[in-house]
Amino acid sequence: MEGWKPVPPQACPTAALAKSSSGQGRWKPSVGRTEQQRGLSTMVRGQGRNMGDGGEGATTRRGRFDAVHKWAATTAAVVALAISLYNLAELQREPHIDVTLPHLMRIGPAGAGTLIYFQPTVSTRFKTQDVEVIGDARLRLSPTGAISSSKDSNFYWQSNGMPTFDFESNEIRIEWSGDPAPFVVSQDKPQQPVFQFQDEGWALQPGRYEGSIQLSRAGNRKPLTKSFCLIVSKRAVDEMREGDDRRIYFFRNDLPKFTSSSEYSHCYVRETG
């Protein structure tokens, strides 16, 4: 074809002509493409190193997590063991028994003697493997002040009673409900027996008495003792002497007109004075 000329090697966009030492020419890759390939190689090596660094960081974080997990598990086990030991000690310890006095004391004549009906609450707030057994109960009244020379009483546990209402006389009577016998006290089984105490040869006189109820415990344990006071007026004594032998007279330790006075504070007093 007319006008066609071969393109010289220098004009090729993808290669450059280089001469060897022998003077013969040969094709070589362009300088730009060689630098581009080197950059890609460097980038690949850098990414490899970054991936290696990320693996080491993940391993470190996993190690920290495992250490914290083991520490938390050990702490939880120690706490659980401490709680178990505490509960075991609580179950094995000696029961702690509370005696709470009632607000009401019932007193009545019995021939030449005296009957007293008393209903304390015997309970425990703690759960233990052992239970408490109450084997006996005693009540004592000791005269004080002007009647301190009088002899002390010696009440014994005669039986258990049950208050009933007598519609004919419109009064409360105490009926027999059981013989004196040991009873068990536990956290889920508090007791409120109506003790019937009797002293066949002792009668009340006007005056103040220091009283106590004593509950004997099984296993040679120290008895439980609760103290109180009783104030009996001449009017109350005359009322009991002139009344029916089956009649019961109430004495309370929470009457507002008496609790405000230090003389009668926490003492059982007849409401009529």
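Remember, predicted model here, so these are calculated numbers, not experimental data. In this chain, residues are counted from 1 in sequence order.
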[X] [atom1] to [Y] [atom2] distance, which is reported to the nearest 0.5 Å:
X      : Y      : atom1 : atom2 : result
Lys222 : Ser216 : NZ    : OG    : 13.0 Å
Thr114 : Leu204 : OG1   : CG    : 5.0 Å
Tyr268 : Ile116 : OH    : CD1   : 11.0 Å
Asp199 : Leu141 : CG    : CG    : 9.0 Å
Asp152 : Ser142 : CG    : OG    : 3.5 Å

Non-hydrogen atoms of [X] and [Y] that approach each other most closely:
X      : Y      : value
Tyr249 : Gly108 : CD1-CA, 4.5 Å
Ala110 : Gln198 : CB-NE2, 4.0 Å
Pro182 : Val133 : CB-CG1, 4.0 Å
Ser227 : Leu101 : O-CD1, 3.5 Å
Arg173 : Arg247 : NH1-N, 3.7 Å
Pro180 : Ser159 : CD-CA, 3.8 Å

For a quick check under 3.5 Å, do [X] and [Y] share a side-chain donor-acceptor pair by atom type?
X      : Y      : result
Thr121 : Gln192 : yes
Gln205 : Ser150 : yes
Glu200 : Tyr156 : yes
Asn253 : His103 : yes

I'd like to check [X] versus [Y] (side-chain heavy atoms, cut-off strictly below 4.5 Å). Are they in contact?
X      : Y      : answer
Arg138 : Phe155 : no
Arg217 : Glu132 : yes
Leu115 : Gln158 : yes
Arg270 : Phe250 : yes
Ile107 : Phe118 : no
Val194 : Pro163 : yes
Phe251 : Leu104 : no
Leu224 : Ile213 : no

Is the side chain of Ser123 donor-acceptor paired with the backbone N or O of Pro190 at a distance under 3.5 Å, no angle test?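 Not confirmed, Ser123 side chain does not pair with Pro190 backbone.
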Measure from the side-chain N and O atoms of Ser212 to the backbone N and O of Lys226, and report whether any donor-acceptor pair falls under 3.5 Å.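 Checked: no pair found.
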Candidate pair Asp98 and Val122, rule side chain to side chain contact (heavy atoms under 4.5 Å, CB included), full reasoning: CA-CA 6 Å; Asp98 294 320; Val122 188; over 6 Å; no
Suppose we call two aromatic rings close when their centres sit under 6.0 Å apart. Are Phe167 and Phe165 close by that rule?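 Here the rings of Phe165 and Phe167 have centres that are less than 6.0 Å from each other.
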When you look at Ile97 and Val185, which way does the side chain to side chain contact (heavy atoms under 4.5 Å, CB included) test go after all the steps? CA-CA 8 Å; Ile97 302 298; Val185 180; 4.0 Å; yes
Worked verdict on Arg106 versus Ile174 for side chain to side chain contact (heavy atoms under 4.5 Å, CB included): CA-CA 10 Å; Arg106 299 176 175 90; Ile174 305 295; 3.9 Å; yes
Parallel, tilted or perpendicular for Tyr209 and Trp202, by the 30°/60° rule?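 If you compare the ring of Tyr209 with that of Trp202, the planes turn out perpendicular.
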So Phe183 and Phe195, would you call those rings parallel, tilted or perpendicular, with 30° and 60° as cut-offs?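 Correct class here is tilted.
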Hydrophobic cluster identity match, Tyr117 and Leu215, side-chain contacts under 4.5 Å: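 Different clusters: Tyr117 never reaches Leu215 through Ile, Leu, Val, Met, Phe, Trp or Tyr contacts under 4.5 Å.
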Working note: Leu230 + Arg208, criterion side chain to side chain contact (heavy atoms under 4.5 Å, CB included); need CA distance, chi angles, decisive distance, verdict. CA-CA 6 Å; Leu230 171 67; Arg208 181 187 178 102; over 6 Å; no
Check this for me, if you would: do Glu210 and Arg140 make a salt bridge, where the nitrogen-to-carboxylate-oxygen distance has to be below 4.0 angstrom?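 A salt bridge is absent here (no side-chain N lies under 4.0 Å from a carboxylate O).
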